Amino acid sequence: MNFHKFLIAQSILIAASSVVFPFYLLLIKNIGDSYSQFGWAYGLFTLTAALTYPVIGQLGDRFGDKTMLLVYTLGMAIVMLIIPLLIHVWQVYVIQIVMGILGAIQKNTEKAFLARNEKDSNTTGKRIGKYHFHVSLWSGIGIILTGYLIDFLTIASLFYLISFVYIVASFVILKKGKE
C-alpha cells in the first residue's frame with residue numbers, strides 16, 4: 001500500500017470514527033444510569049488497547065499494515081451495525097473491549113506504516129504533518145456535515161451509514177494500484 005492510498009483510507013476511517021463518537025457518547029449515556037458505568041466503559045476501552053498493543057505490534061509485523069487495516073475496517077463495520085442494538089450496560093462493556101482491540105490495531109498500524117514508509121528522514125516531519133493535516137481536515141468536515149445530516153436521520157441510521165463508510169474504506173485499502 002502506498003502513502004497516497006493509506007492517506008485516503010485513514011482520512012475516511014478517522015472521519016468515520018469522529019462522526020459517530022459524539023453520538024456514541026449519547027447512546028452510552030442513555031443506556032447507563034451512573035457516571036461510574038461511563039467510566040468503566042471508557043476504562044475498559046483504554047485498558048484493553050493498552051494490553052493488546054504488544055501483541056498487535058507483533059501481528060502487524062507478521063501480517064502487514066494492509067491486512068491489519070482491513071481487520072480494523074471490517075471489524076468496525078460490524079461494530080457499527082451492533083451499536084444501535086445495545087440495550088444493557090454489559091453489552092456496552094463488551095463493545096468497548098472489542099473497540100479497544102480495534103482501536104489499538106488502527107493506532108499501531110498508523111504509526112507502523114508511517115515509520116516503515118519514510119525513505120528520507122529529513123522529511124519525516126513534513127510527511128507526518130501532511131498526514132495529520134488531511135485526516136484532521138476530513139474529520140472536522142465530517143463532524144460538521146453530520147451535525148446537519150443528523151436532523152434528517154435517526155441515531156441508529158447514522159451508525160449504519162458509518163458501517164457502510166468503513167466498508168468503503170476497506171475497498172480503498174484493497175484497490176489495486178501502484179504500490
Side-chain angles (χ1 to χ4, degrees), residues 1-25 27-28 41-42 44-87 90-117 131 134-136 138-139 141-143 145-146 149 153-179:
M1 177 169 40
N2 64 33
F3 181 76
H4 183 70
K5 187 192 296 189
F6 175 77
L7 185 61
I8 292 169
Q10 284 291 101
S11 294
I12 293 168
L13 296 173
I14 301 298
S17 296
S18 298
V19 162
V20 296
F21 183 72
F23 301 100
Y24 182 62
L25 292 176
L27 180 93
I28 291 176
Y42 273 90
L44 286 171
F45 172 86
T46 305
L47 291 173
T48 302
L51 293 172
T52 58
Y53 272 120
V55 173
I56 288 167
Q58 291 175 350
L59 292 173
D61 289 342
R62 183 172 180 195
F63 295 107
D65 300 329
K66 187 174 183 176
T67 300
M68 296 304 283
L69 281 179
L70 285 172
V71 168
Y72 171 73
T73 58
L74 297 174
M76 285 301 291
I78 292 167
V79 166
M80 290 299 119
L81 293 175
I82 294 170
I83 285 175
L85 306 175
L86 303 179
I87 56 172
W90 70 266
Q91 295 167 326
V92 172
Y93 293 163
V94 171
I95 285 294
Q96 285 296 104
I97 289 168
V98 171
M99 287 175 57
I101 294 166
L102 293 172
I105 289 171
Q106 188 277 327
K107 286 292 182 197
N108 201 83
T109 304
E110 170 188 63
K111 307 300 187 284
F113 179 88
L114 291 170
R116 284 189 239 279
N117 289 279
Y131 166 78
H134 282 276
V135 296
S136 298
W138 287 109
S139 177
I141 290 169
I143 293 167
L145 292 177
T146 303
L149 184 64
L153 300 173
T154 64
I155 297 285
S157 63
L158 176 65
F159 286 97
Y160 300 139
L161 175 66
I162 294 304
S163 176
F164 175 75
V165 171
Y166 277 109
I167 297 294
V168 169
S170 68
F171 282 111
V172 169
I173 294 165
L174 285 171
K175 183 182 173 197
K176 299 288 184 200
K178 292 190 306 185
E179 298 292 324

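Worth saying up front: this structure is predicted, and the values here are computed from it rather than measured.
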Distance-only criterion, 3.5 Å: show the donor-acceptor pairs between side-chain atoms of residues 49-59 and protein atoms not counting sequence neighbours.
{"residue": "Thr52", "atom": "OG1", "partner": "Thr48", "partner atom": "O", "Å": "2.9"}
{"residue": "Thr52", "atom": "OG1", "partner": "Ala49", "partner atom": "O", "Å": "3.2"}

Validation: residues 101-112 side-chain donor-acceptor distances under 3.5 Å, sequence neighbours left out:
{"residue": "Thr109", "atom": "OG1", "partner": "Ile105", "partner atom": "O", "Å": "2.6"}
{"residue": "Glu110", "atom": "OE2", "partner": "Tyr131", "partner atom": "OH", "Å": "2.3"}

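Around atom CZ of Phe164, no more than 12 heavy atoms belonging to other residues, nucleotides or ligands sit under 6.0 Å away. Heavy atoms from other residues, nucleotides or ligands lying under 6.0 Å from OH of Tyr42 number more than 12.
With hydrogens and angles disregarded, no donor-acceptor distance shorter than 3.5 Å links the side chain of Ser163 to the backbone of Phe159. For Gln91 (side chain) and Ile87 (main-chain N/O), a donor-acceptor pair under 3.5 Å exists by modelled atom type. Of the possible donor and acceptor atoms, one in the side chain of Gln96 sits under 3.5 Å from a partner among the backbone N and O of Ala41. Side-chain atoms of Thr73 come within 3.5 Å of backbone atoms of Leu70 as a donor-acceptor pair (strictly under, hydrogens ignored).
Leu149 is linked by a side chain to side chain contact (heavy atoms under 4.5 Å, CB included) to Leu153, Leu161, counting only residues two or more places apart in sequence or in another chain. Applying the side chain to side chain contact (heavy atoms under 4.5 Å, CB included) criterion to Thr146, with sequence neighbours excluded, gives Val19, Phe23, Leu158. Under the side-chain hydrogen bond (donor to acceptor under 3.5 Å, both in side chains) criterion, Ser157 pairs with Thr154, sequence neighbours left out. For Leu47, there are no side chain to side chain contact (heavy atoms under 4.5 Å, CB included) partners at least two apart in sequence or on another chain.
Exactly one of Ile173, Leu174, Leu74 qualifies for a side chain to side chain contact (heavy atoms under 4.5 Å, CB included) with Leu69. That residue is Ile173.
Atom OG of Ser17 and atom CD of Gln10 lie 9.0 Å apart (nearest 0.5 Å). Annotation: the span from Ile12 atom CD1 to Leu7 atom CG amounts to 10.0 Å, rounded to 0.5 Å. Distance CZ/Arg116 to CE/Met1: 10.0 Å, rounded to 0.5 Å. In this structure, CD1 in Ile14 is found 14.5 Å from CH2 in Trp138, a value given to the nearest 0.5 Å. Distance check: Phe3 CZ to Ile8 CD1 gives 10.5 Å after rounding to the nearest 0.5 Å. Separating the CD1 atom in Ile141 from the OG atom in Ser11 is a distance of 10.0 Å, to the nearest 0.5 Å.
The shortest side-chain heavy-atom distance between Met80 and Tyr166 falls under the 4.5 Å cut-off. The shortest side-chain heavy-atom distance between Met99 and Ile83 falls under the 4.5 Å cut-off.
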Quiz item: Would Tyr72 and Met76 satisfy side-chain contact (heavy atoms from CB on, under 4.5 Å), going step by step from the backbone distance to the final call?
Solution: CA-CA 6 Å; Tyr72 171 73; Met76 285 301 291; 3.4 Å; yes

